[in-house]
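Naming: A, B, ... by sequence-line order, numbering from 1 per chain.
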Number of protein chains: 2
Amino acid sequence: MRELHHPPRECLELTQVLHALSDPIRLCIVRQLALGEALACGTFCETAPKSTMSHHFKVLRLSGVIHQRSEGTSCFNTLRRGDLDARFPGLLDAIVREEVGACGNSVWEEDSR
Amino acid sequence: MRELHHPPRECLELTQVLHALSDPIRLCIVRQLALGEALACGTFCETAPKSTMSHHFKVLRLSGVIHQRSEGTSCFNTLRRGDLDARFPGLLDAIVREEVGACGNSVWEEDSR
DNA sequence: TCCGTTGTTCTAAAAATATCGAACAATGTG
DNA sequence: CACATTGTTCGATATTTTTAGAACAACGGA
């Protein structure tokens, strides 16, 4: 398998990291990875097709949020916690922390387009 | 001017907040507002057309990041720091904090599409 | 070597976002 | 009232992002 590109720590951009984390599927992936274990791509969300998941992993990797390394036929993912904490202190903790806040209404309820 | 809709604190969604903050213009707005003052829409980014800015303010408002109140012909914006800190502790601080990290390379340098 | 597993890439299509000019609304001032 | 100021809304276009099927590549095991 070809060597995967990972942007170095100094090149991480906050806007790209935030965008990567602003998708529900990707946020879910990151939260699972935040538990610490390296997890293969296949261990997430069996409902979505593989190509879709592959896309999300790529977005996470290219924004610098995760590190991917292939081992055999699998691809193990880890959170780049050190790099993220160094560049954006407190960000990961704030995002991974479980929050409650249930509300049935949509943000777009009124005043939407 | 019509009363503007602001989602209540309990309805804020992390993914929407992150998406709102993942745009460079909007991030810039938020950082200026983080200094504490209420600022009119016109005080930001004179280069972009008003309709574009209006759109960005709307995204920020509907995601719950800012509060807008009209006063005369102006529209004053403030950060909803209390609500954001309550729902997503540490998030705003992490995002507003100035970071250094200069790197000429694009994240998409290799392995892009 | 022949399969099964795992994941990527290609491609197309759909959906969501962003941009911005033009028209409009609300307010304040001369 | 006429007019300037400030900002919103509408409409059209362009760009980006998401989704997912199909073909493919790499690896491991029988």
Side-chain angles (χ1 to χ4, degrees), chain A residues 1-6 13 15-29 33 38-63 65-78 106-108 110-113, chain B residues 1-6 13 15-29 33 38-63 65-78 106-108 110-113:
Chain A
M1 212 171 257
R2 186 161 63 103
E3 207 45 49
L4 297 168
H5 174 65
H6 292 85
E13 285 187 27
T15 50
Q16 302 208 35
V17 170
L18 293 176
H19 171 256
L21 296 169
S22 71
D23 179 274
I25 294 183
R26 294 195 293 259
L27 183 58
C28 180
I29 291 173
L33 290 179
L39 294 170
C41 293
T43 59
F44 304 88
C45 192
E46 304 79 30
T47 68
K50 291 187 298 179
S51 56
T52 298
M53 295 306 285
S54 192
H55 160 73
H56 287 307
F57 281 110
K58 189 173 182 177
V59 171
L60 286 170
R61 174 170 54 82
L62 292 178
S63 67
V65 175
I66 66 170
H67 184 273
Q68 298 191 284
R69 97 178 165 278
S70 26
E71 212 173 294
T73 62
S74 297
C75 175
F76 285 95
N77 303 276
T78 51
S106 163
V107 168
W108 300 86
E110 302 171 43
D111 198 6
S112 82
R113 348 176 205 190
Chain B
M1 211 170 256
R2 186 161 65 103
E3 208 44 48
L4 297 169
H5 174 64
H6 291 85
E13 284 188 28
T15 50
Q16 302 207 34
V17 170
L18 293 177
H19 171 255
L21 295 169
S22 71
D23 178 275
I25 293 182
R26 295 195 292 259
L27 183 59
C28 180
I29 291 172
L33 290 179
L39 294 170
C41 293
T43 60
F44 303 88
C45 194
E46 303 81 30
T47 67
K50 291 189 296 180
S51 54
T52 297
M53 294 307 285
S54 191
H55 161 72
H56 286 307
F57 281 109
K58 189 173 184 178
V59 171
L60 287 170
R61 174 169 54 82
L62 292 178
S63 66
V65 175
I66 66 170
H67 183 274
Q68 298 190 282
R69 97 177 164 277
S70 27
E71 213 173 293
T73 61
S74 295
C75 174
F76 285 96
N77 303 278
T78 50
S106 162
V107 168
W108 300 86
E110 301 171 45
D111 200 7
S112 81
R113 352 178 202 190

Please enumerate all residues that pass ring pair (Phe, Tyr, Trp, His ring centres under 6.0 Å) together with A/His19, with sequence neighbours excluded. none

Atom pair distance, as rounded to whole Å: CG in A/Asn77 and P in C/dT8: 8 Å

Quick one: side-chain contact (heavy atoms from CB on, under 4.5 Å) partners of A/Thr15, sequence neighbours excluded? A/Glu13, B/Pro24, B/Leu27

Expressed in angstrom and rounded to an integer, what is the separation of B/Leu21 atom CG from C/dA18 atom C1'? 17 Å

Between atom CZ in A/Arg69 and atom P in C/dT8, what is the gap in whole Å? 14 Å

Would you mind reading off the distance between B/Gln16 atom CD and C/dT17 atom P, rounded to a whole angstrom? 9 Å

Taking CZ from A/Phe76 and C1' from D/dC27, how many angstroms apart are they, rounded to a whole number? 13 Å

Where the side chain of A/His56 is concerned, which of D/dT8, D/dT5, D/dT19 is the nearest nucleotide? D/dT19

Figure out the CD1/C1' separation between B/Ile66 and D/dG7, and round it to whole Å. 13 Å

The side chain of B/Ser54 lies closest to which of these nucleotides: C/dT17, C/dT8, D/dT9? D/dT9

With side chain to side chain contact (heavy atoms under 4.5 Å, CB included) as the test, pick out the partner of A/Cys41 among A/Lys50, A/Gln68, A/Met53. A/Gln68

Partners of A/His56 by ring pair (Phe, Tyr, Trp, His ring centres under 6.0 Å), sequence neighbours excluded? none

For the pair made of CD1 in A/Ile25 and P in D/dT17, what is the distance, rounded to whole Å? 16 Å

Whole angstrom value for the distance that separates C1' of C/dT17 from CG of B/Leu62: 14 Å

side-chain contact (heavy atoms from CB on, under 4.5 Å), that's the test. Do A/Leu39 and A/Asn77 meet it? Break it down for me. CA-CA 5 Å; A/Leu39 294 170; A/Asn77 303 276; 5.5 Å; no

To the nearest 0.5 Å, how far apart are OG in B/Ser22 and CG in A/Leu21? 10.0 Å

Between B/Met53 and A/Ser22, which is nearer to the 5' end of DNA chain D once each is assigned its nearest nucleotide? B/Met53

The answer to which of A/Glu71 and A/Arg26 contacts DNA chain D further toward the 5' end, by nearest nucleotide, is A/Arg26

Kindly write out the residues that satisfy side-chain contact (heavy atoms from CB on, under 4.5 Å) with A/Ser54, not counting sequence neighbours, or none if the list is empty. none

Closest to the side chain of A/Thr73, out of D/dC27, D/dT6, C/dA18, is D/dC27

For nucleotides 20-23 of chain C, print each protein N/O atom paired with a nucleotide N/O atom at under 3.5 Å, atom names and distance only.
unit_1: C/dG21; atom_1: N7; unit_2: B/Ser51; atom_2: OG; d: 3.2
unit_1: C/dG21; atom_1: O6; unit_2: B/Ser51; atom_2: OG; d: 3.2

